[in-house]
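Note that the coordinates shown come from a computational prediction; the quantities given were computed from them, not determined experimentally. Heavy-atom basis, side chains included; hydrogens, waters and symmetry copies ignored.
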Amino acid sequence: MKAFLALLTRDLTLALRQGSAIGTALGFYLIAVSIIPLGLGPDLALLSRIAPGILWISFLLSAVLSVDALFQEDRDDGSLDALAIGPLPSELIAASKSLAHWLTTCVPLIVVTPLAGLLLNMELDAVPKLLATLAVGTLGISFVAGAGAALTLGLRRGALLLPLLILPLFAPFLIFGVGALSGAPGAFSQSILLLGALSLFSVAAMPFAAALALRLSLE
């Protein structure tokens, strides 16, 4: 556990010092949310109705931007080889990287989501429910993204292949995340439970897939 926490702390420190990935994701998120209303016109009622879908899609696209570097930078400077022969199992290395991605990319995006919701004329009473779906769902998304990053590690044009690989896997999270805010009776409780189950499955299973891909990549 000490080695896991040390690796997680190292990745968090590096991400905060560099700041470029966090800034890029935040900038893309706010720009995407700001531009979409320009294409839909001044219908505030329409914007309010479709705001959860716009925010979820913009969030997912923004979160993908920094996934490519999840293992690549450590592979380039040899850190990944050193980690592979260290005491920490590959599954926990992959879990640490995915958790670091969630903490440094998804959590900042969640923090600015209320502002993004205001830009889309979202009803204030829907904002807490939206934040709850994002907090529950995006943890699993980071672990799915981590497995995708490990699978494309070292491949030519892997950065281009990665979004094509993982974005379809985000579809269930998107469906339940937006469905929780449909306003139908019982929709929120049912959808967020399913979203939580998806996240738990991803947290439990994806590190094993990522670890297998890392071992094959480093051979």
Side-chain angles (χ1 to χ4, degrees), residues 19-68 98 101-145 148 160 162-203:
S20 57
I22 302 172
T24 301
L26 286 173
F28 182 89
Y29 184 47
L30 293 176
I31 289 172
V33 171
S34 303
I35 285 179
I36 289 174
L38 300 178
L40 294 175
D43 188 341
L44 295 180
L46 173 64
L47 276 178
S48 179
R49 191 166 63 251
I50 65 176
I54 294 174
L55 290 168
W56 256 93
I57 292 171
S58 301
F59 193 112
L60 294 180
L61 295 176
S62 304
V64 167
L65 291 178
S66 59
V67 173
D68 177 49
S98 299
H101 175 267
W102 184 72
L103 291 170
T104 58
T105 300
C106 293
V107 169
L109 290 175
I110 292 172
V111 170
V112 302
T113 290
L115 172 62
L118 289 177
L119 294 174
L120 296 175
N121 194 40
M122 190 172 183
E123 296 179 3
L124 290 178
D125 58 355
V127 172
K129 292 181 178 179
L130 173 64
L131 295 179
T133 62
L134 290 174
V136 172
T138 56
L139 180 60
I141 283 169
S142 284
F143 277 76
V144 172
L160 298 176
L162 180 58
L164 299 178
L165 178 66
I166 62 176
L167 282 176
L169 300 177
F170 289 171
F173 295 92
L174 176 64
I175 291 169
F176 293 127
V178 176
L181 299 161
S182 66
F188 178 76
S189 57
Q190 292 175 6
S191 295
I192 202 164
L193 284 175
L194 291 170
L195 203 55
L198 272 176
S199 276
L200 286 176
F201 173 77
S202 300
V203 170

(message) My understanding is that only residues two or more places apart in sequence, or in another chain, count here; which of them pass side-chain hydrogen bond (donor to acceptor under 3.5 Å, both in side chains) with Ser58?
(response) none

(message) Restricting to non-hydrogen atoms, name the atom on Thr104 and the atom on Ile22 that form the minimum distance, rounded to 0.1 Å.
(response) O-CG1, 3.1 Å

(request) Rounded to the nearest 0.5 Å, what's the gap from CD1 on Ile54 to CD1 on Ile35? Could you check? (result) 12.5 Å

Do any side-chain atoms of residues 171-178 form donor-acceptor pairs under 3.5 angstrom with protein atoms, and if so which ones, sequence neighbours left out?
none

(request) Would you give the length of the straight line joining atom CD1 of Ile141 to atom CG of Leu134, rounded to the nearest 0.5 angstrom? (result) 8.0 Å

(request) Output all residues satisfying side chain to side chain contact (heavy atoms under 4.5 Å, CB included) with Leu167, sequence neighbours left out; order by chain, then residue number. (result) Leu61, Val64, Pro163, Phe170

(message) What's the separation between atom CD1 in Ile110 and atom CG in Leu55, rounded to the nearest 0.5 Å?
(response) 12.0 Å

(message) For Thr105 versus Ala63, what's the shortest heavy-atom pair and its separation?
(response) CG2-CA, 4.0 Å

(request) Without swapping roles, check the side chain of Ser48 against the backbone of Ala45 for a donor-acceptor pair under 3.5 Å. (result) no

(request) Indicate the atoms forming the closest heavy-atom contact of Leu195 with Gly137, along with that distance. (result) CG-CA, 3.8 Å

(message) A side-chain contact here means heavy atoms from C-beta on lying under 4.5 Å apart; do Leu130 and Thr133 qualify?
(response) yes

(request) Determine which pairs satisfy side-chain hydrogen bond (donor to acceptor under 3.5 Å, both in side chains) with at least one residue from residues 181-203, sequence neighbours left out, and list them in order. (result) none

(request) Calculate, to the nearest 0.5 Å, the distance between atoms CG and CG belonging to Leu193 and Leu198 respectively. (result) 11.5 Å

Donor-acceptor contacts, no H, no angles, side chain residues 111-127, under 3.5 Å, sequence neighbours left out:
from	atom 1	to	atom 2	distance (Å)
Thr113	OG1	Tyr29	OH	3.0
Thr113	OG1	Leu109	O	2.8
Asn121	ND2	Leu44	O	3.2

(message) Under the side-chain hydrogen bond (donor to acceptor under 3.5 Å, both in side chains) definition, can you give me all pairs with a residue in residues 136-145, not counting sequence neighbours?
(response) His101-Ser142, Trp102-Thr138

